[in-house]
Asker: 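Following this message is one structure expressed as structure tokens.
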Amino acid sequence: MTQDGPAGHVEENRRFWDDEAAAWHGPLARDHWAQAEPSWGLWSTPESQVSVLPDNIDGMRAIELGCGTAYVSAWLARAGAHPVGIDLSEKQLATARVMQAEFGIGFPLVLGNAEKVPYEDNTFGLALSEYGASLWCDPYQWIPEAARLLIPGGRLVFSRYSPLFALCVPPEGPASTTLSRSQFGLTRLDWGNHVEFILPHGEMLRLLRACGFVVEDLIEVQAPRSARDYEEVSADWAQQWPSEEIWKARLAG
């Protein structure tokens, strides 16, 4: 894995999801859609613990950037919001449509790139990404786009891998206790068949501020004792160090 690579990450990631990753995530969609309470990230952190969703979400227009099978948008719809989901994978959206029919929850699903969303300025009160645009899109593209889409005072919430995880995960195998790369210049992680983006905290803070956001919280998530291991990170590792984090920001104005 390197931090250098061609700029064509959108098409590379589209191929990865349509050709490989959608087959892994599709079978998980029904369980996610059926959840009574939202839970976030690898470690299924409950909404009651982290309060990702704004209190006044009823009636709010929302957009899920990189929605995948759109279970987050389904949670938003159940809470009274009016969500839109956008994703670059036709296969992920096909699964989302099957789930919409099965659960009787309808909202627009848009095939497209979260770095260039086909909606007007100041359209949404909430932009949200759970390991969607927040991991798979260029932050210097998707975060300004989120700012454009939001009304003044609108909320941006996203979860992603932590910079510490990115520093400790080797080219193969799970995150270790050894630093595998430099933090300086950390931006783009090229895995060969797909690209991920993880900015260090200082760089992310500066980018959010430059786009007009006020950061309200940064939650570094600890895995619970009951957590299972993943291929990329063990539960034991994530009980000692944060493998993922949740950012909350508000657009000034």
Side-chain angles (χ1 to χ4, degrees), residues 1-5 9 12-13 16-17 20-25 27-28 31-32 38-47 49-50 52 65-66 68-69 71-72 92 128-140 142-143 157-208 215 217-248:
M1 185 171 64
T2 67
Q3 295 161 13
D4 301 311
H9 62 275
E12 186 173 348
N13 287 343
F16 174 72
W17 278 98
E20 300 180 46
W24 313 333
H25 288 258
L28 305 175
D31 288 343
H32 285 141
S39 61
W40 306 98
L42 291 178
W43 312 115
S44 299
T45 305
E47 169 66 13
Q49 181 177 325
V50 290
V52 168
L65 299 168
T69 59
Y71 58 86
V72 171
Q92 288 278 80
L128 192 151
S129 179
E130 188 198 35
Y131 284 95
S134 54
L135 182 65
W136 300 91
C137 292
D138 182 344
Y140 289 97
W142 83 263
I143 289 179
V157 181
F158 60 94
S159 61
R160 61 171 195 164
Y161 288 128
S162 72
L164 182 58
F165 167 84
L167 297 179
C168 292
V169 65
E172 296 182 2
S176 74
T177 57
T178 301
L179 296 176
S180 296
R181 59 189 53 79
S182 172
Q183 178 170 312
F184 295 112
L186 179 69
T187 301
R188 173 187 172 120
L189 308 179
D190 192 339
W191 290 95
N193 61 353
H194 65 278
V195 176
E196 297 172 348
F197 295 88
I198 303 176
L199 292 183
H201 287 154
E203 197 166 344
M204 178 61 77
L205 281 167
R206 287 187 290 274
L207 173 58
L208 288 166
V215 175
D217 203 357
L218 168 58
I219 302 169
E220 294 173 304
V221 178
Q222 183 180 29
R225 291 296 173 187
S226 59
R228 69 176 181 87
D229 293 340
Y230 287 89
E231 181 179 349
E232 65 268 36
V233 62
S234 70
D236 180 69
W237 193 98
Q239 286 156 8
Q240 299 178 75
W241 305 283
S243 65
E244 64 181 3
E245 57 191 29
I246 300 170
W247 289 74
K248 302 179 189 179

Asker: Compute the centroid of each ring, for Trp142 and then for Phe197, and state whether the two points are separated by less than 6.0 Å.
Answerer: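 Ring-ring flag for Trp142/Phe197: false, centres at least 6.0 Å apart.
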Asker: Can you tell me if Ser243 uses its side chain to pair, donor with acceptor, with the backbone of Ala238 under 3.5 Å?
Answerer: no
Asker: For Pro200 versus Pro163, what's the shortest heavy-atom pair and its separation?
Answerer: CA-CG, 3.9 Å
Asker: Side chains of Gln49 and Trp40, heavy atoms from C-beta outward: is any pair under 4.5 Å?
Answerer: no
Asker: Tell me whether Arg160 contacts the main-chain N or O of Ala133 through its side chain, where contact means a donor paired with an acceptor under 3.5 Å.
Answerer: no
Asker: Are the side chains of Leu205 and Leu218 in touch, meaning some heavy atoms are under 4.5 Å apart?
Answerer: no
Asker: State yes or no: are the ring centers of Tyr230 and Trp237 separated by less than 6.0 Å?
Answerer: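 No - the distance between ring centres of Tyr230 and Trp237 does not fall below the 6.0 Å cut-off.
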Asker: What is the minimum heavy-atom distance between Ala166 and Leu189, and which atoms define it?
Answerer: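 Heavy-atom minimum between the residues: CB-CD1, 4.0 Å.
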Asker: Is the backbone N or O of Gly41 less than 3.5 Å from a side-chain atom of Glu130, with the two atoms forming a donor-acceptor pair by type?
Answerer: yes
Asker: Over 60° means perpendicular and under 30° means parallel, so classify the ring planes of Phe158 and Trp247, tilted if in between.
Answerer: parallel
Asker: Using every non-hydrogen atom in the two residues, find where Lys248 and Val50 come nearest and quote the distance to one decimal.
Answerer: NZ-O, 2.6 Å
Asker: Any side-chain heavy atom of Glu220 sitting closer than 4.5 Å to one from Ser162?
Answerer: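 No - every pair of side-chain heavy atoms lies 4.5 Å or more apart.
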Asker: What heavy-atom pair brings Asp229 and Ala235 nearest, and what distance separates the two atoms?
Answerer: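 Looking at all heavy atoms of both residues, the closest pair is OD1-N, 2.8 Å.
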Asker: Is any side-chain heavy atom of Glu196 closer than 4.5 Å to a side-chain heavy atom of Asn13?
Answerer: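 They are not in contact (no side-chain heavy atoms under 4.5 Å apart), so the answer is no.
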Asker: Run Thr178 and Cys168 through side-chain contact (heavy atoms from CB on, under 4.5 Å) and show every step you take.
Answerer: CA-CA 6 Å; Thr178 301; Cys168 292; over 6 Å; no
Asker: Where do Pro174 and Pro170 come nearest, in terms of heavy atoms and distance?
Answerer: O-CD, 3.1 Å
Asker: Check the pair Trp191 / Phe16 against side-chain contact (heavy atoms from CB on, under 4.5 Å), numbers first and verdict last.
Answerer: CA-CA 11 Å; Trp191 290 95; Phe16 174 72; over 6 Å; no
Asker: Heavy atoms, side chains only, cut-off 4.5 Å: are Glu203 and Leu186 in contact?
Answerer: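 Answer no - side chains too far apart.
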Asker: May I ask you to test the His194-Glu20 pair for a side-chain heavy-atom distance under 4.5 Å?
Answerer: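 Answer no - side chains too far apart.
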Asker: Would you mind reporting whether Ile219 and Glu245 have side-chain heavy atoms less than 4.5 Å apart?
Answerer: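 Result no, sub-4.5 Å side-chain heavy-atom pair not found.
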Asker: Report yes or no: do Trp241 and Thr177 form a side-chain donor-acceptor pair below 3.5 Å?
Answerer: no
Asker: Distance from Thr187 atom OG1 to Leu199 atom CG, nearest 0.5 Å?
Answerer: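 If we round to the nearest 0.5 Å, Thr187:OG1 and Leu199:CG are 5.0 Å apart.
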Asker: Any side-chain heavy-atom pair from Tyr131 and Leu42 closer than 4.5 angstrom?
Answerer: yes
Asker: Rounded at 0.5 Å granularity, tell me how far CG in Leu128 sits from OG in Ser134.
Answerer: 8.5 Å
Asker: Specify the closest pair of heavy atoms between Thr45 and Val221, including all atoms of both residues, with the distance to one decimal.
Answerer: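 Looks like OG1-CG1, 3.3 Å.
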Asker: When rounded to the nearest 0.5 angstrom, what is the spacing between CD1 in Ile143 and CG in Asp138?
Answerer: 9.5 Å
